[in-house]
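Shown next, in structure tokens, is the structure this report addresses.
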Number of protein chains: 2
Amino acid sequence: MKNEENHNSKSRRSRQRDLILATLRGTKSHPTALELYEKVRGEMPRISLGTVYRNLKWLRERGEVLELDYGATFSRFDGNAANHYHFTCEGCGRVFDVAGPPAQSLERSVARDTGFRVLSHRLEFYGLCADCQ
Amino acid sequence: MKNEENHNSKSRRSRQRDLILATLRGTKSHPTALELYEKVRGEMPRISLGTVYRNLKWLRERGEVLELDYGATFSRFDGNAANHYHFTCEGCGRVFDVAGPPAQSLERSVARDTGFRVLSHRLEFYGLCADCQ
DNA sequence: CTACCTGCAAACTTTTTGCAGCCCA
DNA sequence: TGGGCTGCAAAAAGTTTGCAGGTAG
């Protein structure tokens with residue numbers, strides 16, 4: 001069961017969309033929308049930033065692309081400064097704390113694999129809370 | 001060795017700052033800056049939104065408060081839609097993919113503890129990359 | 001008193017959207 | 001040829017900042 005959602009209704013291709021996706025697939029740098037826009041503009045000088053945003057949204061909704069930071073247009077704050085995890089309900093938008101001690105072993109594992117110095121990590125869960133199931 | 005940073009230079013208290021921190025500590029709802037502003041305004045009607053932002057930043061820099069989504073003012077995109085983890089270098093800002101299979105066991109553990117339906121998770125690591133150490 | 005902090009409002013940054021025309025199927 | 005897609009520019013949304021005056025220490 002693939003998650004193609006119900007976006008398959010009416011949609012066409014466009015040279016812009018193809019180029020945006022190809023450019024994003026062809027880089028490992030996790031560009032911002034603006035960076036991607038500037039890169040794409042090298043090949044298609046009259047493309048607009050609005051088109052880049054529109055297509056990134058379109059691609060994200062179809063699961064063809066990943067948006068880091070989950071397009072949070074604003075920040076949420078937590079009075080508990082100790083590192084802990086969160087569960088965000090995709091139904092009602094509420095954020096819950098998740099009990100349990102942070103897994104330090106995750107950091108060690110990444111440090112071993114990459115050789116980087118890992119100082120912290122963040123872990124967020126998404127799904128449906130008790131009220132929204 | 002506590003991470004008090006070098007923010008201890010010159011700073012005073014203010015009724016506003018105390019109230020903002022107390023209000024945030026007194027809720028479990030992970031409010032946005034605007035929500036916090038409206039809550040605080042109940043007790044201090046002339047406080048400004050700018051003051052709330054200024055103090056949240058101040059508190060975050062001192063580690064007294066946690067900002068979810070790490071105050072990312074813009075999103076980054078990844079052409080690889082499969083769930084995978086990222087390492088963000090705090091030195092140069094670059095984002096790297098982290099190899100390794102997503103740990104599905106984390107989701108099961110949270111589902112067991114909360115009774116929520118866990119559909120996905122995100123895991124981000126922070127630290128210093130090879131070039132920045 | 002000093003200089004940090006505040007309220008206010010304007011500026012800034014990132015993202016979205018209305019509109020007229022283009023172009024893919 | 002219809003209607004989804006585009007370029008353009010203005011609007012929206014969230015956050016930051018300059019300024020003049022207030023206030024903690």
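Numbered from 1 within each chain, the chains take letters A, B, ... in sequence-line order.
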Distance below 4.0 Å between R15(B) side-chain N/O and dT23(D) OP1 or OP2: no
Nucleotide of dT6(C), dC5(D), dG7(D) approaching S14(B) most closely (side-chain heavy atoms): dT6(C)
Spacing of L49(A) atom CG relative to dC8(D) atom C1', expressed in whole Å: 11 Å
Separation of atom CG in L34(A) from atom P in dT15(C), rounded to whole Å: 9 Å
Rounded distance (Å) that lies between atom C1' of dC5(D) and atom CZ of R46(A): 15 Å
Residue pair K28(B), D97(A): steps toward the salt bridge (Lys or Arg N to Asp or Glu O under 4.0 Å) verdict: CA-CA 8 Å; K28(B) 299 177 71 174; D97(A) 288 331; over 6 Å; no
5' precedence on DNA chain D between V52(A) and R13(B) (nearest-nucleotide basis): V52(A)
Whole-Å gap separating P (dC8(D)) and CZ (R41(A)): 10 Å
Qualifying residue for side chain to side chain contact (heavy atoms under 4.5 Å, CB included) with L36(B), from L56(B), L49(B), N55(B): L56(B)
Length of the CG-P vector between L19(A) and dG7(D), whole Å: 11 Å
Y53(B) side chain, from C-beta outward: closest of dA25(C), dT6(D), dG14(D): dG14(D)
Between dC23(C) (C1') and D18(A) (CG): distance, integer Å: 14 Å
Residue S11(A), side-chain heavy atoms: nucleotide from dG7(D), dC5(D), dT15(C) that is nearest: dC5(D)
No-H, no-angle donor-acceptor pair, R54(A) side chain to dG7(D) base, under 3.5 Å: yes
Listed nucleotide nearest any side-chain atom of I47(B), set dT6(D), dG7(C), dA25(C): dG7(C)
R12(A) side chain near dT6(D) phosphate (N/O to OP1/OP2, under 4.0 Å): no
F87(B) and F96(B) aromatic ring geometry - parallel, tilted or perpendicular at 30°/60° bounds: tilted
N/O (side chain, Q16(A)) to phosphate O (OP1/OP2, dC23(C)) under 4.0 Å: no
Ring centres under 6.0 angstrom apart (F125(A), F116(B)): no
Shortest side-chain distance from N55(B), nucleotide among dC8(C), dC24(C), dT6(C): dT6(C)
Nucleotide dC5(D), atom C1' - distance to CH2 of W58(A) in whole Å: 11 Å
Test item: side-chain donor near acceptor, E67(B) and S75(A), under 3.5 Å: yes
From dG2(D), dG7(D), dC8(C), nucleotide with atom closest to S48(B) side chain: dC8(C)
Nucleotide dC5(D), atom P - distance to NZ of K57(A) in whole Å: 13 Å
T51(B) side chain, from C-beta outward: closest of dT6(C), dT17(D), dT15(C): dT6(C)
